[in-house]
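Note sheet for the following structure.
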Amino acid sequence: MGENVTHFRCDIDGGIARISLDRPERKNPLTFESYAELRDWFRDLHYAEDVHAVVILPNGGNFSSGGDVHDIIGPLTKMNMKELLAFTRMTGDLVKAMLTCGKPVIAAVDGICAGAGAIMAMAADLRIATPEAKVAFLFNRVGLAGCDMGACAILPRIIGQGRAAELLYLGRSMKAEEGHAWGFFNSVVPAAELESAALEMAGRIAAGPTFANSMTKTMLAQEWSMTLEQAIEAEAQAQAICMQGNDFRRAYEAFVNKEKPVFKGD
């Protein structure tokens, strides 16, 4: 999956895909091309048997500055409504692709993480930061609503309605310590340890029951719109499916033999 990528960096090894935007001299902004390629890559990821976890890394000390001012924001001011809606639907499709890719995604955040960059971190399953990380949903600072790419739906579920409203109305930066205290970041580590910490977590996930992990991700996304009764029934069906998998039997046999299970994802 990394061979044909041209608008971002991608390396796959040991079941872990490491990706990052590749314009460090401009703090890794997104362009029309990188938006679309990331969307397509995450869509195809659902069918990639060689990837079991994804780590989104910073590049040059920054995660992403969001949509490029010259390559995206400037051209958007000249588009008509049909063209604008095609663009906003395309950016939203990136988030939907991340949520439905079937593989746990870890965002390793350093430095600037703004706009669409902040959205990508939000759409990840897990987030690790450095003390220098600054996350800003700054859409209102460019004259737009905070309801961008699912922010008004997803961010409150992570940090709470009031905190999300503060960030979306003010467009201010959320520093690493604040993000950790609010539950946006799972942990904060020194910059020198960020990549290794993210890869260690990804390695633990990739070594687990990968089919079951994919089911967990599916349920985490789908249950947002379910009633409690529907969610419990959906989980009963999902778990019954997993119980027919070989990893469930392997775990039982390893326990009986006082061994550590080796999962194969089947």
Side-chain angles (χ1 to χ4, degrees), residues 1-23 28-59 63-68 72 86-109 113-128 135 137 148-151 153-155 157-158 186 195 198-199 201-203 205-206 208 210-225 265:
M1 287 195 60
E3 306 85 20
N4 300 319
V5 167
T6 58
H7 297 288
F8 63 95
R9 297 169 63 183
C10 178
D11 176 68
I12 299 172
D13 183 50
I16 300 170
R18 293 181 292 177
I19 68 172
S20 63
L21 294 165
D22 198 19
R23 299 175 71 190
N28 306 310
L30 284 145
T31 64
F32 290 117
E33 294 79 13
S34 58
Y35 263 125
E37 191 169 57
L38 282 164
R39 174 204 59 196
D40 294 344
W41 187 85
F42 274 104
R43 280 177 174 172
D44 292 343
L45 187 63
H46 193 85
Y47 307 100
E49 295 294 334
D50 60 335
V51 178
H52 304 303
V54 178
V55 176
I56 309 176
L57 292 164
N59 188 358
F63 191 78
S64 173
S65 56
D68 188 278
I72 286 187
F87 169 74
T88 54
R89 282 175 172 163
M90 184 265 287
T91 62
D93 282 344
L94 169 57
V95 173
K96 288 191 282 187
M98 291 179 66
L99 295 176
T100 59
C101 71
K103 314 296 167 69
V105 179
I106 301 168
V109 181
C113 178
I119 294 290
M120 287 185 65
M122 176 195 77
D125 298 277
L126 300 158
R127 289 158 291 275
I128 302 174
V135 179
F137 298 85
D148 197 78
M149 298 172 70
I154 300 173
L155 190 59
R157 299 174 188 274
I158 300 172
N186 295 87
E195 183 169 350
L199 290 174
M201 180 177 286
I205 291 171
T210 53
F211 177 82
N213 287 343
S214 178
M215 189 70 78
T216 299
K217 176 153 185 158
T218 298
M219 289 296 101
L220 281 169
Q222 288 186 356
E223 289 182 33
W224 286 1
S225 58

Is any side-chain heavy atom of [X] less than 4.5 Å from a side-chain heavy atom of [Y]?
X      : Y      : result
Ile154 : Ile119 : no
Asp11  : Asp13  : yes
Asp148 : Phe137 : no
Val55  : Met201 : no
Thr6   : Glu37  : yes
Val135 : Phe63  : no

By side-chain contact (heavy atoms from CB on, under 4.5 Å) - contacts of [X] (at least two apart):
X      : result
Ala48  : Met1, Leu45, Asp50, Val51, Lys103
Ser20  : Arg9, Leu57, Asn59
Thr210 : His52
Ala53  : Ala202, Ile205

Sequence neighbours excluded, the answer for salt bridge (Lys or Arg N to Asp or Glu O under 4.0 Å) partners of Glu195 is Arg18

Residue set satisfying ring-ring contact (aromatic ring centres under 6.0 Å, His included) with Phe211, at least two apart, ordered chain then number -> none

So which heavy atom on [X] is nearest to which on [Y], and how close?
X      : Y      : result
Ile72  : Gly67  : CD1-CA, 4.2 Å
Pro104 : Lys217 : N-CD, 4.1 Å
Ile106 : Ala124 : C-CB, 4.4 Å
Leu21  : Ser64  : CD1-OG, 3.5 Å
Ala206 : Gly14  : CB-O, 4.5 Å
Met149 : Ala116 : SD-CB, 4.1 Å

I'd like to know if the side chain of [X] reaches the main chain of [Y], judged simply by a donor and an acceptor atom lying under 3.5 Å from each other, with no hydrogens or angles considered.
X      : Y      : value
Asn186 : Ile128 : no
Asn28  : Arg23  : yes
Arg127 : Met122 : yes

Determine whether Leu30 and Thr91 satisfy the following criterion, side chain to side chain contact (heavy atoms under 4.5 Å, CB included), listing intermediate values before the conclusion.
CA-CA 10 Å; Leu30 284 145; Thr91 62; over 6 Å; no

Separation of [Y] [atom2] from [X] [atom1] (nearest 0.5 Å):
X      : Y      : atom1 : atom2 : value
Cys101 : Phe42  : SG    : CZ    : 6.0 Å
Arg39  : Ser34  : CZ    : OG    : 11.5 Å
Asp68  : Glu33  : CG    : CD    : 10.0 Å
Asn4   : Asp40  : CG    : CG    : 12.0 Å
Thr100 : Gln222 : OG1   : CD    : 10.0 Å

Test log, rule side chain to side chain contact (heavy atoms under 4.5 Å, CB included), inputs Leu94 and Met120 | CA-CA 8 Å; Leu94 169 57; Met120 287 185 65; 4.2 Å; yes

Does the pair Arg43 and Asp93 meet the rule for a side chain to side chain contact (heavy atoms under 4.5 Å, CB included), with working shown? CA-CA 9 Å; Arg43 280 177 174 172; Asp93 282 344; 3.4 Å; yes

